[in-house]
J.: 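Here it is, the structure in full.
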Amino acid sequence: MATAIPDRSKVLNGLETLVIGAAGGLLFLWAGLPGGLISGAMCAVAIAALAGRPLAVPPVLTQSVLLLLGISLGSLMSQQLLQHMSSYPLTIALLALATFCSTFGSSVYLQRMHGWDQTSAFLAGSPGALSQITILAAEKGADVAAIAVVQTMRVIILTAALPLVLALTGVTHAAPPPLPTTVTSPFGLVALVAGSIGVSLLLRWIKFPASWMFGAMLASSLLHGSGLVDGGLPPWLRNVALVGIGALIGTRFARMKTSTLLSHVNAGLGSFAIAIAISAVFVAVIGFTTHVRLADVVVAFAPGAMDAMLALALTLHIDPIFVGAHHLSRFLFVTISTPGIIHLFGRPQDDVDD
């Protein structure tokens with residue numbers, strides 16, 4: 001029974017995290033910044049975490065936030081189910097190639113410019129799947145702290161900068177898909193939550209990646225597409241999910257010492273620039289050769305965290321199916337291919353300690 005009751009300090013840390021995140025999100029929203037709820041919450045929590053506050057989002061709250069995000073995304077999917085579907089095989093193949101090229105480009109930069117060993121450089125340059133990358137880094141004796149800094153900086157920069165870049169270039173203004181304007185009935189809300197939990201638990205049982213978010217996404221899209229449910233979540237509940245995702249990303253700095261961050265900041269910025277430059281080439285190719293909206297391609301190819309990019313797709317009115325399919329594909333590609341790449345090109349664990 002004692003283990004089932006959350007520790008009081010953890011509960012207080014979670015509440016503090018949400019309060020700081022909400023304050024940052026509201027500040028950015030008041031300033032009129034695009035994606036303000038996500039980026040504001042993320043920046044505020046990250047700053048507080050680096051200042052020494054023991055911030056964290058409890059697992060139950062994390063799962064609830066991902067569930068709400070998935071339900072909100074699923075309410076959009078039925079409106080665009082067939083849009084750009086014919087382009088998926090080509091763009092997903094190009095995404096796999098872009099992931100491969102950006103990983104090697106970033107790893108070569110880290111080895112040549114910062115003297116990293118091959119294993120650490122490859123793992124740091126691999127976009128996404130941070131938990132799998134961290135486990136693999138620990139198994140191979142790589143520099144886990146340095147890898148965490150580079151991976152975290154990429155997610156933070158993308159989440160904060162991508163909405164601003166898209167807004168300044170105006171690429172999000174072309175026929176954005178509307179968010180649901182009506183709130184679903186109490187019965188619809190119960191059906192959405194129950195269905196989302198059920199499908200999420202099923203996906204979790206078969207070890208599907210990001211099961212809480214994609215399970216809710218799938219259940220919501222099926223309920224909306226079949227006409228059993230009409231309308232979406234109340235706007236305030238959707239905003240809570242966006243703030244929660246931003247706060248969750250910001251807590252990545254809670255376990256990171258400022259000295260560790262500063263010692264690897266140049267490596268993080270440089271490898272990020274390499275990855276973005278390589279991804280931009282593939283985005284340009286798709287933009288010139290297909291009819292897919294440029295904003296959709298940019299967010300789909302952005303080497304950021306899957307939950308963060310899907311949350312941005314929601315708040316920036318970008319096709320969630322296109323973005324979700326591509327980020328899931330990249331997650332699977334990275335998870336499957338990275339161990340093999342490390343085995344072929346990385347240094348053995350004994351050599352890393354020499």
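These values consider heavy atoms only, across backbone and side chains, with no hydrogens, waters or symmetry-generated copies. FYI, the numbering just counts along the sequence from 1.
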J.: Pick from Leu310, Leu294, Val283, Leu166: which one makes a side-chain contact (heavy atoms from CB on, under 4.5 Å) with Val299?
T.: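 Only one option passes, and that is Leu166.
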J.: Checking side-chain contact (heavy atoms from CB on, under 4.5 Å) against Phe282, which of Thr91, Leu95, Leu97 comes through?
T.: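 Running side-chain contact (heavy atoms from CB on, under 4.5 Å) over Thr91, Leu95, Leu97 with Phe282 returns exactly one hit, Leu97.
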J.: Can Ile38 be reached from Trp30 by stepping across I, L, V, M, F, W or Y side chains whose heavy atoms are under 4.5 Å apart?
T.: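 Per the 4.5 Å side-chain linkage, Trp30 and Ile38 are not co-clustered.
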J.: Do Met113 and Val150 sit in one hydrophobic cluster, given that two such residues count as connected whenever their side-chain heavy atoms are within less than 4.5 Å of each other, even indirectly?
T.: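 Shared cluster, yes.
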J.: Quick one: OG on Ser196 to CE on Met217, what's the gap to the nearest 0.5 Å?
T.: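 One finds 11.5 Å between OG of Ser196 and CE of Met217.
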J.: To the nearest 0.5 Å, how far apart are CZ in Phe253 and OG1 in Thr260?
T.: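 Taking CZ in Phe253 and OG1 in Thr260, the distance rounds to 11.5 Å.
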J.: Hydrophobic clusters here meaning ILVMFWY residues chained together by side-chain heavy-atom distances under 4.5 Å, can you tell me if Leu261 and Leu110 are in one?
T.: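 The answer is yes; both residues are in one hydrophobic cluster.
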J.: May I ask you to check whether Phe322 and His326 place their ring centers less than 6.0 Å from one another?
T.: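 Phe322 vs His326: aromatic centres under 6.0 Å.
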J.: Working to the nearest 0.5 Å, report the span between OH of Tyr109 and OG of Ser102.
T.: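 Tyr109 atom OH to Ser102 atom OG measures 15.0 Å (nearest 0.5 Å).
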J.: Are Trp205 and Leu203 grouped together when hydrophobic residues (ILVMFWY) are joined by side-chain heavy atoms under 4.5 angstrom apart?
T.: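 Linked within one cluster.
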J.: Does the plane of the ring in Phe208 sit parallel, tilted or perpendicular to the ring in Phe214? Use 30° and 60° as the thresholds.
T.: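 Plane angle over 60°, so perpendicular.
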J.: Answer with yes or no whether the hydrophobic clustering places Ile276 together with Val281; edges join I, L, V, M, F, W, Y residues whose side-chain heavy atoms lie under 4.5 Å apart.
T.: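 Ile276 and Val281: separate clusters.
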